[in-house]
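Each remark here refers to the structure printed beneath this line.
Proteins get letters first, then strands, A, B, ... in listed order; numbering begins at 1 in each. Fair warning: this is a prediction, and the values are worked out from it, not measured in the lab. Keep in mind that the numbers below use all heavy atoms, side chains included, and drop hydrogens, waters and symmetry copies.
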Amino acid sequence: MDKTYNPHVIEQKWYETWEKDGHFAPAGNANGENKPYCIMIPPPNITGSLHMGHGFNNTVMDSLTRFHRMRGDDTLWQPGTDHAGIATQMVVERQLNAEGKTRHDLGREAFIDRIRDWKEESGGNITRQLRRMGSSLDWSRERFTMDDGMSKAVQEVFVRLHEEGLIYRGKRLVNWDPVLHTAVSDLEVLSEEENGHLWHMRYPLVDSQGKGSEYLIVATTRPETMLGDAAVAVHPEDERYSHLIGQFVELPLTGRKIPVIADDYVDPEFGTGCLKITPAHDFNDYGVWQKHRDEKAISEQPFGGLINIFTPDACIKSSPADDFSWGHKARDKDQLQRADNVPLEGKATSEIIPSEFHGLDRYEARKLIVKLLDKNDLLEKTDKHKLMVPRGDRSGAVIEPLLTDQWYVKVGPLAGPAIKAVENGDIKFVPDNWKNTYFEWMNNIEDWCISRQIWWGHRIPAWYDEQGDVYVGRSEAEVREKHGLSADMKLSQDEDVLDTWFSSALWPFSTLGWPENTDAVKTYYPTSVLVTGFDIIFFWVARMIMMGLKFMGDVPFKEVYIHGLVRDSHGQKMSKSKGNVLDPIDLIDGIELEALVDKRTAGMMQPKMATKIEKQTRKDFPDGIPSFGTDALRFTFASLASTGRDINFDLGRVEGYRNFCNKLWNAANYVLMNTEDKDCGQNGGEVELSAADKWITARLHQTQQTVIRSMEGYRLDHAAQAIYDFTWNEYCAWYLELSKPVLTNEKSSEAQLRGTRQTLVRVLESLLRTAHPLMPYITEEIWQKVAPLAGVEGATIMREAYPEPPVDKVNAPEGSREGPLGGEDAIHEMEWVKEFIVGVRQIRSGMDIKPSKPLPVLLQNTNDTDKARLERNQNTIAFLARTESINVLSAEEEAPESATALVGEMKVLIPMAGLIDKDVEMARLTKEIEKKQQEVGRIEGKLSNPKFVERAPEAVVKKERDKIADIQTALNSLKEQRERISKM
RNA sequence: AGGCGCGUAGCUCAGUUGGUUAGAGCACCACCUUGACAUGGUGGGGGUCGCUAGUUCGAAUCUAGUCGCGCCUACCA
């Protein structure tokens with residue numbers, strides 16, 4: 001082993017070996033005892049690169065996977081990527097734009113080829129990065145959501161749902177992205193509060209004779225939509241306006257007459273209590289229109305009131321042709337009429353919109369309308385107003401509600417069983433609270449718009465004849481056959497593709513080969529656990545549950561472990577625009593400050609932001625980021641995996657765990673130095689175990705129990721903490737030190753030496769297996785060297801058995817792989833030894849005595865146990881406390897003036913002559929006495945309370961009594977000591 | 001508007017069904033280059049657990065209220 005810990009050298013090497021030797025593949029179940037354990041990776045987007053969220057998420061999954069694999073489960077962690085329809089299409093379109101082309105120049109097929117080419121080149125970036133994280137994914141089963149097999153699954157699901165009437169086509173208002181020219185689902189729209197205006201517009205009454213006011217005032221945040229108004233609504237009980245219900249107002253700038261209708265949707269308190277109704281451009285107005293569409297005054301409006309004024313670009317229509325080319329595809333007049341039952345007699349939309357607005361963008365139209373209203377004295381006032389603006393999560397464009405033909409999944413019938421599965425515990429959320437979020441959404445679920453007007457994705461398996469009738473089937477041939485359509489009948493496939501989440505929803509079973517009934521499907525479905533962040537409970541988790549139950553008749557996973565989102569150390573979300581992103585790979589490899597600054601400011605549109613980010617980065621990382629290695633990063637992620645929602649990532653933690661790796665490395669180095677080429681008892685021979693040997697073994701077992709319990713409960717932070725604590729504070733800080741006096745003592749017997757060496761290697765070997773799921777590389781590297789010394793043979797630690805510590809540390813069977821048994825006596829003895837040593841050290845440190853100076857020690861008030869323990873451990877104590885001599889005083893012997901430490905009732909005395917300052921020792925004792933007195937006071941308070949003694953459990957009372965007795969003894973002892981010294 | 005989460009040491013976080021002197025890492029102070037490790041060792045300082053009331057023999061932990069921060073849902077033009 002190298003003298004110094006160098007993660008880079010070992011990491012690369014081991015990952016390649018593991019992958020090459022097929023260690024990531026499931027073990028299978030040849031012996032009939034291996035339970036299946038399966039995790040499906042949440043497929044990362046092919047356009048993406050590894051971010052901290054991935055790093056965290058994959059650390060958790062890999063740790064679970066390695067843990068279960070070592071425990072003998074038939075373990076599969078399956079990788080794959082998501083085609084990410086819109087995101088990917090945008091990436092490649094941007095490339096084309098740079099070449100001065102658009103996707104339309106290439107045509108659909110060539111464009112898709114181009115995307116596939118791009119995927120071959122760049123799409124593997126993230127899987128390479130996953131490998132760097134040490135992820136033990138079975139790459140031989142890697143899937144991609146656009147694979148043939150996946151397409152088949154998607155098609156099958158679509159057709160079956162359609163056959164059952166759970167997929168339908170409808171003309172509805174959808175969230176339309178006017179930049180990307182596609183519909184998006186509710187979930188892909190992010191509404192945020194923005195500053196805007198509330199315009200109060202005057203709509204003149206048509207017949208104001210004797211009716212009081214001459215106009216109604218409507219307030220709107222979107223004046224441009226007035227061109228599509230169909231009515232003005234007031235609350236039916238609003239006395240201010242009740243007399244006007246049924247009257248007409250003149251729609252300014254257009255001359256159209258629209259009715260005043262009554263609807264209790266209107267809030268009389270808001271604005272003037274008059275609400276303009278624009279049913280084709282507002283979801284709520286559409287709802288109002290549906291209730292009133294049969295009223296004559298509405299139905300006689302153009303298009304029955306459903307007046308769509310926008311083109312797909314969100315510009316005002318400028319020609320009659322626009323009426324038939326909005327949405328995403330041209331439709332003829334008859335079809336439109338049939339679909340909506342809306343009469344098309346009369347004028348085209350462009351003819352009812354004044355020509356000065358034609359072709360204007362929605363915001364230009366807004367400006368002009370406000371200007372003209374103002375000019376005509378029809379603008380009452382303009383108020384500043386905060387409003388929720390819906391934007392597409394990909395394009396950032398303001399989403400326009402637009403009437404188009406789309407495909408929908410009727411979600412209600414799927415949601416019922418999905419809710420039940422969580423209610424009855426078939427699926428458990430961890431932490432449990434997240435089920436509330438799930439129920440909340442599932443109980444208010446809306447039909448899911450699944451069609452997208454883009455090219456990259458699963459094309460919808462539907463064909464149209466020339467009359468526009470639609471046929472759904474697995475292929476054109478199947479459609480013809482099913483519906484008896486003649487071969488010469490012209491059919492054209494739907495141009496749209498499916499929402500990416502539609503294929504993701506099938507992920508837990510499509511990856512296993514469904515719709516074929518493969519062995520993998522039979523073995524690994526339902527999968528064991530889904531590990532993901534809470535941000536996609538709606539997007540993904542809920543939909544997988546619905547689809548799994550529907551098509552597999554069983555839940556897709558038994559548990560959902562929801563973890564937090566990784567933020568920066570101040571709790572800020574990491575984002576490119578904030579310039580606070582950390583790249584896990586940079587934490588592994590390290591990065592120079594300049595490179596980091598460049599990376600963070602690259603592509604910044606606003607120079608101001610770039611400057612700010614640069615400044616912040618230079619402040620946060622004055623020396624760049626040092627290289628920490630994968631294991632340190634993984635251990636950090638694990639240590640942060642508590643139940644909270646936010647994970648604030650602090651670089652200091654990684655540094656601490658990098659040091660931990662280094663500690664482990666050096667400890668191994670020490671162990672090897674003392675055991676390699678030496679007899680560690682692998683081949684038999686008498687072995688004598690010291691109290692220290694037994695003690696560390698017992699502590700190892702306790703640690704392993706904690707780790708196993710923690711892993712089973714998804715508390716990786718507790719597992720990490722237990723491993724850290726044991727390794728550093730017990731194995732390294734104490735046991736390695738305790739081994740030194742044995743190994744260096746010429747008087748040690750062969751059996752003693754063998755016992756110590758054996759314990760050194762066996763505990764280390766077992767510890768490495770315990771830690772391996774969290775820190776795979778360093779444990780493998782060390783294990784390779786240590787295992788043979790512990791008498792273990794194997795190709796790799798990752799295929800070794802996970803430690804099974806004996807539950808009962810006194811009575812467990814002999815010959816456990818985790819080492820011999822400890823035992824209570826050994827533990828107590830070691831506590832005594834440690835107290836002794838610490839006591840001397842405290843005096844030494846408190847008195848400013850050089851560590852190198854050997855001290856004479858006297859023991860007073862010793863009992864037989866003390867003497868026996870001293871006998872056995874004298875050499876150890878002398879070595880670790882650096883004593884010159886240890887002498888037991890008999891009861892009648894007077895002790896010289898000394899500094900004192902207490903070990904139970906025994907006094908450890910260090911004579912002060914020439915060494916120790918009286919005042920310092922007085923102060924030390926006084927402080928100690930005060931502390932003890934405080935505690936005595938607290939406990940006395942408890943015990944003198946009769947209610948406590950009466951009502952508290954006996955064990956608790958006894959504990960307090962024992963405690964106070966101990967403290968009293970110590971206190972008396974200390975007081976006495978102070979008394980003596982004060983007389984000096 | 002509704003729902004949820006968080007508030008513990010200077011910072012980042014643990015704290016299991018209420019019962020030790022409330023812990024860890026980093027940072028801080030002093031001492032130490034002793035032969036695994038200065039990415040280290042030894043010793044030490046630092047918290048009225050956001051606030052208030054209640055339940056209880058006993059509250060960081062349970063209940064109610066309150067303040068602060070954050071998130072997610074929602075149709076207020």
_Given A/V654, A/D568, A/I625, the one that forms side-chain contact (heavy atoms from CB on, under 4.5 Å) with A/L582_ = A/I625

*asked:* Does A/S852 reach a base, just sugar-phosphate, or nothing at all? Heavy atoms under 4.0 Å.
replied: nothing

_Sidechain-backbone polar pair: A/D848 side chain, A/R844 backbone, donor-acceptor under 3.5 Å_ = no

*Side-chain N or O of A/W734 closer than 4.0 Å to phosphate OP1/OP2 of B/G41*: no

*Given RNA chain B, 5'-ward residue of the pair A/I967 and A/T744, judged by closest heavy atom*: A/I967

*asked:* I want to know whether A/Y724 and A/Y657 have ring centres closer than 6.0 Å.
replied: yes

*Is it true that a side-chain atom of A/T756 and a backbone atom of A/V742 form a donor plus acceptor pair closer than 3.5 Å?*
no

*Do the side-chain N or O atoms of A/Q842 get closer than 4.0 angstrom to the phosphate oxygens (OP1, OP2) of B/U42?*
no

*In Watson-Crick or G-U wobble terms, both distances under 3.5 Å, what is the partner of B/C76?*
none

*Taking atom types as modelled, find out whether A/N175 and A/D186 have a side-chain donor-acceptor pair closer than 3.5 angstrom.*
yes

*asked:* Is a donor from one side chain sitting under 3.5 angstrom from an acceptor on the other, for A/D267 and A/H235?
replied: no

*What's the closest nucleotide to the A/A667 side chain, out of B/C76, B/A36, B/G43?*
B/A36

*Which nucleotide in the list B/U12, B/A14, B/A77 gets nearest to the side chain of A/D650?*
B/U12

*Looking only at atom C1', what distance separates B/G47 and B/C11, rounded to whole Å?*
14 Å

*asked:* Partner lookup for B/U20, please. Criteria are Watson-Crick or G-U wobble with both distances under 3.5 angstrom; report none if nothing qualifies.
replied: none

*asked:* With a 3.5 Å limit on both atom pairs, tell me what B/A60 is paired to, counting Watson-Crick and G-U wobble, or say none.
replied: none

*What is the distance from NZ of A/K834 to C1' of B/U42, rounded to the nearest Å?*
15 Å

_From B/U39, B/A77, B/U42, nucleotide with atom closest to A/L275 side chain_ = B/A77

*What does A/F879 touch in the nucleic acid at a heavy-atom separation under 4.0 angstrom: a base, only the sugar-phosphate, or nothing?*
base

_Minimum-distance nucleotide (side-chain atoms of A/N662 versus B/G19, B/A77, B/C37)_ = B/C37

*Heavy-atom donor-acceptor pair, A/R653 side-chain to B/U12 base, under 3.5 Å*: yes

_Which nucleotide in B/A77, B/C32, B/U12 has an atom nearest any side-chain atom of A/K850_ = B/C32

_By nearest atom, which of the nucleotides B/A36, B/G19, B/C75 is closest to the A/C732 side chain?_
B/A36

_I want to verify a distance call: between B/A14, B/C32, B/C4, whose nearest atom is closest to the A/R645 side chain?_
B/C4

_Tell me which nucleotide, if any, is Watson-Crick or G-U wobble paired with B/G46 when both distances must be under 3.5 Å._
none

*Could you please name the option among B/G25, B/G19, B/C32 that lies closest to any side-chain atom of A/P851?*
B/C32

*What nucleic acid atoms does A/P953 come within less than 4.0 Å of, heavy atoms only: base, sugar-phosphate, or nothing?*
base

*How is A/F283 classified with respect to the nucleic acid when contacts are heavy atoms under 4.0 Å: base, sugar-phosphate, or nothing?*
nothing

*Report the base-pairing partner of B/C4 (Watson-Crick or G-U wobble, both distances below 3.5 angstrom), or none.*
B/G70

*Please report, rounded to the nearest Å, how far the C1' atom of B/A77 is from the CE atom of A/M388.*
14 Å

_Any N or O donor-acceptor pair under 3.5 Å from the base of B/A36 to the side chain of A/E737?_
yes

*If the P atom of B/G68 is compared with that of B/A24, how far apart are they to the nearest Å?*
34 Å

*Check the distance between B/A30's P and A/I843's CD1 and give it to me in whole angstrom.*
23 Å

*Atom CD of A/E928 and atom C1' of B/U21: how far apart are they, to the nearest Å?*
11 Å

*Would you say B/A36 has OP1 or OP2 under 4.0 Å from some side-chain N or O of A/K740?*
yes

*In whole angstroms, how far is the P atom of B/A24 from the CD atom of A/E730?*
13 Å

*When you check the phosphate oxygens OP1 and OP2 of B/C76, does a side-chain N or O of A/H385 lie under 4.0 Å from one of them?*
no

_Touch class at under 4.0 angstrom, heavy-atom based, for A/W728 against every strand present_ = sugar-phosphate

*Whole Å only: how far is the CZ atom of A/R658 from the P atom of B/G25?*
16 Å

*When you check the phosphate oxygens OP1 and OP2 of B/G40, does a side-chain N or O of A/N659 lie under 4.0 Å from one of them?*
yes

*Decide ring pair (Phe, Tyr, Trp, His ring centres under 6.0 Å) for A/F429 and A/W434; before the verdict, give the C-alpha distance in whole Å, the side-chain angles of both, and the deciding distance to 0.1 Å.*
CA-CA 6 Å; A/F429 277 86; A/W434 285 109; 8.2 Å; no

_Candidate nucleotides B/A36, B/U21, B/C13, ranked by approach to the side chain of A/K663 - the nearest_ = B/A36

*Round to the nearest Å and state the distance from A/H200 atom NE2 to B/C76 atom P.*
17 Å

*Think A/K927 has a side-chain N or O under 4.0 angstrom from the OP1 or OP2 of B/G45?*
yes

*If you measure only the distance, is there a donor-acceptor pair under 3.5 Å linking the side chains of A/K384 and A/N195?*
no

*State the pairing partner of B/A9; accept Watson-Crick or G-U wobble contacts with both distances under 3.5 Å, and report none otherwise.*
none

_Can you see if the side chain of A/N433 gets near the phosphate of B/G5 - specifically, an N or O under 4.0 Å from OP1 or OP2?_
yes

*Would you mind reading off the distance between A/R924 atom CZ and B/A30 atom P, rounded to a whole angstrom?*
21 Å

*May I ask you to say what A/D267 touches in the nucleic acid, namely base, sugar-phosphate or nothing, with a heavy-atom cut-off under 4.0 Å?*
base

*With a non-hydrogen cut-off below 4.0 angstrom, is A/R882 in contact with a base, only sugar-phosphate, or nothing?*
nothing

*Pick the C1' atom in B/G43 and in B/G7, then give their distance to the nearest Å.*
33 Å

_Can a side-chain donor-acceptor contact be found between A/K276 and A/T225 if the only test is distance below 3.5 angstrom?_
yes

*Assign each of A/L187 and A/Y5 to its nearest nucleotide of RNA chain B by heavy atoms, then name whichever residue's nucleotide is nearer the 5' end.*
A/Y5

*Where the side chain of A/R715 is defined as all heavy atoms beyond and including C-beta, which of B/U12, B/A77, B/A14 is the nearest nucleotide?*
B/A14

